[in-house]
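These notes are about the structure you will find just below.
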Amino acid sequence: MSRDEDAFRWEGDDDPAPVDPPAATAGAATALPPGYRAVGKGSDGLPPETPLETAPDTPARVPVDDEPAEDTAPGGMGNASLIALGILGGVYLLFSIGWLIGGLRVHGIASFLVSGDGVAPPVWTTGNAAAVGLAVAAPALWFTAVYTLTRRSASWLRWVLLAAGVVLLIPWPFIVVGAFGS
C-alpha cells in the first residue's frame, strides 16, 4: 500500500516508512536565502548568514515618497478594543429593543391624544409606525456607520462617536413609559 493511500486506512502507527524526511548528507551544504541565519540542531555545518546589503542578485529597494513605509501600517484592534466594541454593540442592540418596546407602548397611549375616542386616523398610524421603525433601526445604523466610516481614522474618534451615540440614542419612550406602561 502506498503512502498516498495511507489516509484511507485507520492503522498506520506501525508503518515502517519514515515520517521525517531523510537528513541531508554531511558533504552537501545548503545555501540559505539572503538575510536568513541558520539556528538550531545541525546548523553548524551550514554557511554563515548572508547580509541583505551584500546579497548577490538582490536589488536594493528604495521606498517611493508616495508609498507608505512598511512599519507604519496600522495594526488590528487589540483585545480590549474588541471586547469594548462587543459591549457597545450589545448596548446598541438593547437600545433597539428598548425603542421597539417603548415605541409600541407610546403608540397605544398617544392614540388618545390624537383622537378623543382613542382611534387614531390611518395617516397618523402609518406615520407613527414608520417613526417607530426608524427609531428601532437608528442604533444599528449608527453603530454600523461609525464602525465603517472610521476604519481609517484615529481610534479615539471611533470611541467618541460611539459614546455620543450611546447618549443620543437612549430609548426615552422605554425609560419614561416603561415596559408595561401606566
Can you tell me if Ser96 uses its side chain to pair, donor with acceptor, with the backbone of Val136 under 3.5 Å?
yes

Gap separating the CH2 atom of Trp159 from the CG atom of Leu88, nearest 0.5 angstrom
6.0 Å

How many angstroms lie between atom CG of Leu134 and atom CG of Leu141, to the nearest 0.5 angstrom?
8.5 Å

Nearest 0.5 Å, what's the CG-CG distance between Leu149 and Leu161?
9.5 Å

Donor-acceptor pair, side chain of Trp99 and main chain of Leu169, under 3.5 angstrom
yes

The ring-ring contact (aromatic ring centres under 6.0 Å, His included) partners of Phe143 (sequence neighbours excluded) come to Tyr92

Cluster link Tyr147 to Leu168, ILVMFWY, side chain under 4.5 Å
yes

Do Phe95 and Val160 share a hydrophobic cluster, counting only Ile, Leu, Val, Met, Phe, Trp and Tyr and linking them when any side-chain heavy atoms are less than 4.5 Å apart?
yes

Kindly give the heavy-atom pair with the smallest separation between Val146 and Arg158, and that separation in Å.
CG1-O, 3.8 Å

Would Ile170 end up clustered with Leu100 when hydrophobic side chains under 4.5 Å apart are linked, directly or stepwise?
no

Is there a continuous path of hydrophobic side-chain contacts, each under 4.5 Å between heavy atoms, that joins Val91 to Leu162?
yes

Honestly curious: do Trp156 and Leu82 fall in one hydrophobic cluster under the side-chain, below-4.5 Å linking rule?
yes

